[in-house]
Amino acid sequence: MRFSKLFGKTLRQAPAEAESVSHQLLVRAGMIAQEAAGIYSYLPLGWRVLRKIENIIREEMDKAGGQELMLPILQPFELWQQSGRHGSFGKSLFTLTDRKEHTLALGPTHEEVITDLVHRYVQSYRELPLLLYQIQVKLRDEPRPRGGLLRVREFIMKDLYSFDADEAGLDESYRKMCQAYNNIYSRLGLPTLMVEADSGAIGGKESHEFMVLTEDGEDEVIYCSNCGYAANVEKAQFAKAVILSEAKNLLPLQEIATPETETIEQVASFVGVPTSQTLKAVFYFADGEFVFVVIRGDLDVNETKLRNVLKCSELRLATEGEVSGAGLVAGFASPIGVKGLKVVADDSITLGSNFVVGANKPGYHLRNANFPRDFQVDIMADIALARAGAGCLKCGAELASARGIEVGHVFKLGTFISEKFGAYFLDSEGKSRPIVMGCYGIGLGRLLAAIVEQSHDDKGVIWPLSVAPYHVYLCPLQLDKPAILPTAEKIYQQLQKEGIEVLYDDRDESPGVKFNDVDLLGIPLRLTLSPRTLQGQSIEAKWRTEKKARLLPLDNLAAEVKQLLSG
RNA sequence: CGGGGUGUAGCGCAGUGGCUAGCGCGCAUGGUUUGGGACCAUGAGGUCGGUGGUUCAAAUCCACUCACCCCGACCA
């Protein structure tokens, strides 16, 4: 490719709205351009990178036994009613109305379509297992697109769906996919961490995410460097310390005046106990129902866990008005004596005794509250948020925290979707059983952005060879000097003839401009031809990742370059 | 949806009521340059996000509205 003909120019300054490193660099390099919030065009260079990522993914999916197909983006809304997931996807589901006033959804994912498809074709266990995948555009009306390509509303995603006869088959498909994912990340030069995850709106049981650890990641990962336990904070479990009160026995309830103590910290220090000796009350609205949540004072509520135990789709904190409307006194609320409200407790309230709780009247708390002596709960579960410093549930070592970009997510779906769509098969004994499903997604654009986030310097992007838009940047200097241009042209032809991907900078620009552009674009190997090098019948070769250059003889250059690229 | 911010040339920005809206980069033409974002000259490029209002006069003041960004909520 001749640089002079390339569509998309490099920019010295990134647009003001670009905040994340990958967003800035990709825009400055002329690889992507924003059209609207969370909607981007890929320019030729960016598209080349994306297609390379796509091909690597495709190769690994095929190697794992996947079969590629193409599914519709326009989907009958009825499919979503049939699966019941229109509720869990909620407003993220784009919908439109056709001329016959029929509602269609723009596919945010394709479990519905593929299960509906598979149920019409698969009738026997002999046809299983089946691994089907697609690489195509998905649309989600995200509440807040952000970070350039990191979170968008229109994106290209590889999604593979596995169909197995039983749980053991699913386990095998799941294992294969995890292996394929690790192959993909390794070919992309992207270190990832596999973490336990919540399955969210997709649904299902076991689920893992693949995280690229970086400070600007939007997810938080809790991990144990001793035993290797790692989980998204949404899912992370931890060992809750057992708190022993000074008194060994359960003491009688005692009301105490606690003026102007609204927060747990104020209450604890006023009464003279640690926060772990108190109980905290938090109020939510879950699908329109008021919920009273109680948790030990030193812990916080994990809203994802709470959502899961409540099996609700919409969850938010209750407003002050709703709290007082429920007959509660904010800041002094108490689980003791509540009537007619759903009470959810974290199991930490059983790991201690003689707690301080609100008295449900302003300015007063109660000492020595004990469960279940003094109050009852409707649901007791782990709904606590893990934090760095807590103990690992598996080995007891101290947990740590890091931020990450989610570049892959795999789910064991089970049979809930196949049952809804009547995707049953006959097993070897002639018995009808639902197909056991899994799904495995990778966002290509996010992957591209994650590579940049994780591989760049102050000059620009540093592409790994496997996805670089071009492998070689051919850079003649002083084009008006004798023999420079003809020699460069000849080299360009030779390299192309040998199948080397070369970006030929035929522009009449100063050396500084060219060098800065190639660094920004992140092309791995730079070949510089100047009167100086030409005098010795040589050309200078320099890797993007290295400071030092070396001279290569001009004759047999293509072979030399090939050697360098393969080595 | 709550909080904060920004909309002036392709990009970055200046311009707090005054008549012809500027600067840098980029772009075009000519010339001089050439190993890390050269220089000179000339030039093209603007419904100042939109609508309505106040005023003799609005990029500038007021109201409404739209778009985009950040934090939170939410979300693979």
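Small disclaimer: the values here were computed from a predicted structure and weren't measured. Chain letters run A, B, ... following the sequence lines, proteins first and then strands; every chain starts at 1.
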Would A:Phe411 count as stacking on B:A76 if stacking means ring centres less than 5.5 angstrom apart and planes tilted under 30 degrees? no
Nearest-Å distance once atom C1' is located in both B:U55 and B:G17: 9 Å
Assign the ring pair A:Trp80 / A:Phe89 to parallel, tilted or perpendicular, where the plane angle (0 to 90°) is split at 30° and 60°. perpendicular
Is the shortest side-chain heavy-atom distance between A:Ile156 and A:Ile135 below 4.5 Å? yes
Option passing side chain to side chain contact (heavy atoms under 4.5 Å, CB included) with A:Ile32 (candidates A:Leu43, A:Leu50, A:Leu448, A:Leu149): A:Leu149
Taking the C1' atom of each, how far is B:G49 from B:G7, in whole Å? 6 Å
Pairwise C1' distance for B:C13 and B:A21, with rounding to whole Å: 14 Å
Could you work out the separation of B:G3 and B:A73 based on their P atoms and round it to a whole Å? 16 Å
Distance between the C1' atoms of B:G15 and B:A59, in whole angstroms? 8 Å
Of all the nucleotides listed (B:C75, B:C11, B:U33), which has the minimum atom distance to the side chain of A:Asp508? B:U33
Identify whether NZ of Lys or CZ of Arg in A:Arg316 sits under 6.0 Å from the centre of the six-membered ring of A:Phe285 and within 45° of that ring's axis. yes
Is the distance between the ring centroids of A:Phe210 and A:Tyr185 under 6.0 Å? yes
Using the benzene-type ring in the case of Trp, are the ring centres of A:Phe292 and A:Phe283 under 6.0 Å apart? yes
Which parts of residues 527-539 of chain A get close to RNA chain B, meaning a heavy atom less than 4.0 angstrom away? A:Thr528, A:Ser530, A:Arg532, A:Thr533
What nucleic acid atoms does A:Ala197 come within less than 4.0 Å of, heavy atoms only: base, sugar-phosphate, or nothing? nothing
C1' atom, B:G10 versus B:A28: distance in rounded Å? 14 Å
So does A:Arg2 have more than 12 non-hydrogen atoms from other groups sitting under 6.0 Å from CZ? yes
On a plain distance test, is the side chain of A:Arg144 in donor-acceptor contact with the base of B:G2 below 3.5 Å? no
What I want to check is whether an N or O donor and acceptor connect the side chain of A:Arg28 with the base of B:G26 at under 3.5 Å. no
Rounded distance in Å between the P positions of B:U34 and B:U29: 22 Å
Go through the N and O atoms of the side chain of A:Gln478 and the base of B:G35, and report whether any donor-acceptor pair is under 3.5 Å. no
